[in-house]
Amino acid sequence: MKRLTWILAVPMLMAMLVRAQNSPPREGELHNGPEQDRMLFPRDTFWGWAQLDLAPPHNEIDPNICAGNAGQFGGVNAPCSMFARYMLSGILEVRPFGRGPLRRFMVFGAPAFLFGKNIPQTLYTWSFDAIGIEHSWGAAVYMGKGFEFRVTQHFLFDRLGARDRNLGPADQGNNGPWGRYMTVGVRKSFGTRRW
């Protein structure tokens with residue numbers, strides 16, 4: 001618990017120090033634009049994106065749940081057919097504070113849903129069967145000049161529907177591409193969007 005407290009306290013202190021080093025903003029403005037009129041849930045609280053990807057045949061998305069040789073355990077009828085054709089992913093960032101030092105704080109979530117029923121070198125379909133979801137969430141503090149301090153928790157892959165059970169000898173478990181892990185990092189943003 002002490003370690004978690006330090007992980008959260010240090011970025012907050014760094015953000016306040018960076019703010020103190022910057023030149024004072026003009027009246028009615030913050031460094032990120034006009035001052036928000038509400039303390040909680042300002043109009044720009046939510047930001048995010050969603051994306052749908054399609055993997056062509058012979059290039060399926062592999063969530064590392066079934067062994068690459070799954071076709072050897074039943075051919076086209078092999079029970080472990082969790083190689084995805086489609087991926088629906090996105091990110092949602094929530095900045096709940098519009099004023100004060102906490103306006104630099106945000107939480108985020110980044111799910112990725114996988115769909116399909118394919119077996120490498122054995123079965124290629126355009127099926128939209130649900131495979132599962134890989135998700136992560138975290139918190140960040142904007143430190144100034146485009147830098148964010150981020151803490152992110154990545155979870156194990158959650159299977160959906162009838163595939164939420166052992167699928168035979170080719171089944172490798174729920175670890176997903178990288179398993180469960182947590183990261184602490186710094187992100188640098190630069191440039192502005194044209195649109």
Side-chain angles (χ1 to χ4, degrees), residues 4 7 44-96 106-140 146-195:
L4 180 60
I7 288 174
D44 63 347
T45 296
F46 299 101
W47 178 89
W49 54 263
Q51 177 174 330
L52 177 63
D53 293 304
L54 169 69
H58 304 279
N59 291 294
E60 286 75 21
I61 301 163
D62 184 1
N64 202 29
I65 294 174
C66 297
N69 64 349
Q72 295 176 3
F73 301 99
V76 296
N77 297 317
C80 203
S81 59
M82 295 203 295
F83 295 88
R85 174 79 57 223
Y86 312 96
M87 179 169 64
L88 179 63
S89 59
I91 191 165
L92 176 65
E93 294 180 355
V94 179
R95 292 175 172 85
M106 77 161 174
V107 293
F108 60 89
F113 296 90
L114 298 177
F115 305 92
K117 182 179 182 182
N118 300 287
I119 304 171
Q121 301 177 358
T122 308
L123 176 67
Y124 297 102
T125 70
W126 294 98
S127 171
F128 207 82
D129 289 351
I131 293 175
I133 178 175
E134 183 173 22
H135 49 93
S136 62
W137 68 272
F147 286 96
E148 288 179 0
F149 177 82
R150 300 170 71 90
V151 177
T152 308
Q153 174 67 57
H154 298 265
F155 294 93
L156 293 178
F157 191 85
D158 291 326
R159 298 182 190 197
L160 299 174
R163 296 175 172 190
D164 191 15
R165 59 184 173 81
N166 187 294
L167 298 173
D171 194 326
Q172 299 184 123
N174 286 355
N175 285 333
W178 303 287
R180 182 177 181 159
Y181 64 95
M182 185 194 101
T183 59
V184 177
V186 175
R187 173 180 286 180
K188 168 66 171 149
S189 300
F190 52 90
T192 56
R193 292 193 184 268
R194 188 172 296 203
W195 53 88

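For reference, positions follow the sequence shown, starting with 1.
Among all heavy-atom pairs drawn from A84 and A55, the shortest one is O-CB, 4.2 Å. Taking all atoms of both residues into account, the shortest heavy-atom contact from P79 to F73 is CD-O, 3.7 Å. Heavy atoms only, all atoms of each residue included: F108 and A139 are closest at CE2-N, 3.6 Å. V94 and P96 make their closest contact through O-CD, 3.3 Å (heavy atoms, listed as atom of the first residue, atom of the second, distance). Of all heavy-atom pairs between A78 and A70, the closest is CB-O, 3.5 Å. Taking each heavy atom of V76 and L123 in turn, the nearest pair found is O-CD2, 3.7 Å.
In this structure, N64 CG and M82 CE are separated by 10.5 Å, a value rounded to the nearest 0.5 Å. We find the CD1-OG distance between I91 and S136 to be 7.0 Å, quoted to the nearest 0.5 Å. We find the CD-CG distance between Q51 and D53 to be 4.0 Å, quoted to the nearest 0.5 Å. If you take CE on M106 and CG on L92, they are separated by 10.0 Å, rounding to the nearest 0.5 Å. From F147, atom CZ reaches atom CZ of F190 across 10.5 Å, with rounding to the nearest 0.5 Å. One finds the OG atom of S81 at 4.0 Å from the CZ atom of R163 (value rounded to the nearest 0.5 Å).
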Table please: side-chain donor-acceptor pairs of residues 111-120 below 3.5 Å, with sequence neighbours left out.
from: N118; atom 1: OD1; to: R85; atom 2: NH2; distance (Å): 3.0
from: N118; atom 1: OD1; to: T125; atom 2: N; distance (Å): 2.7
from: N118; atom 1: ND2; to: F83; atom 2: O; distance (Å): 3.0

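More than 12 heavy atoms of other residues, nucleotides or ligands shown are found within 6.0 angstrom of CD on Q153.
By the side chain to side chain donor-acceptor pair (under 3.5 Å) test, Y86 is found to be paired with no residue, residues two or more places apart in sequence or in another chain being considered. Not counting sequence neighbours, the partners of R159 by the side chain to side chain donor-acceptor pair (under 3.5 Å) test are D171, N174. For the side chain to side chain donor-acceptor pair (under 3.5 Å) test, no residue two or more places apart in sequence or in another chain qualifies with N59. Under the salt bridge (charged side-chain N to carboxylate O under 4.0 Å, His left out) criterion, R187 pairs with no residue, sequence neighbours left out. Taking E93 as the reference, R95 meet the side chain to side chain donor-acceptor pair (under 3.5 Å) condition, with sequence neighbours excluded.
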| query | Run the side-chain contact (heavy atoms from CB on, under 4.5 Å) check on F149 and V151 step by step: do they pass? | reply | CA-CA 7 Å; F149 177 82; V151 177; 3.7 Å; yes
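Considering only heavy atoms from C-beta on, I65 stays 4.5 Å or farther from Q172 through its side chain.
Relative ring orientation between Y124 and H58 is described as tilted, the plane-to-plane angle lying within the 30° to 60° band.
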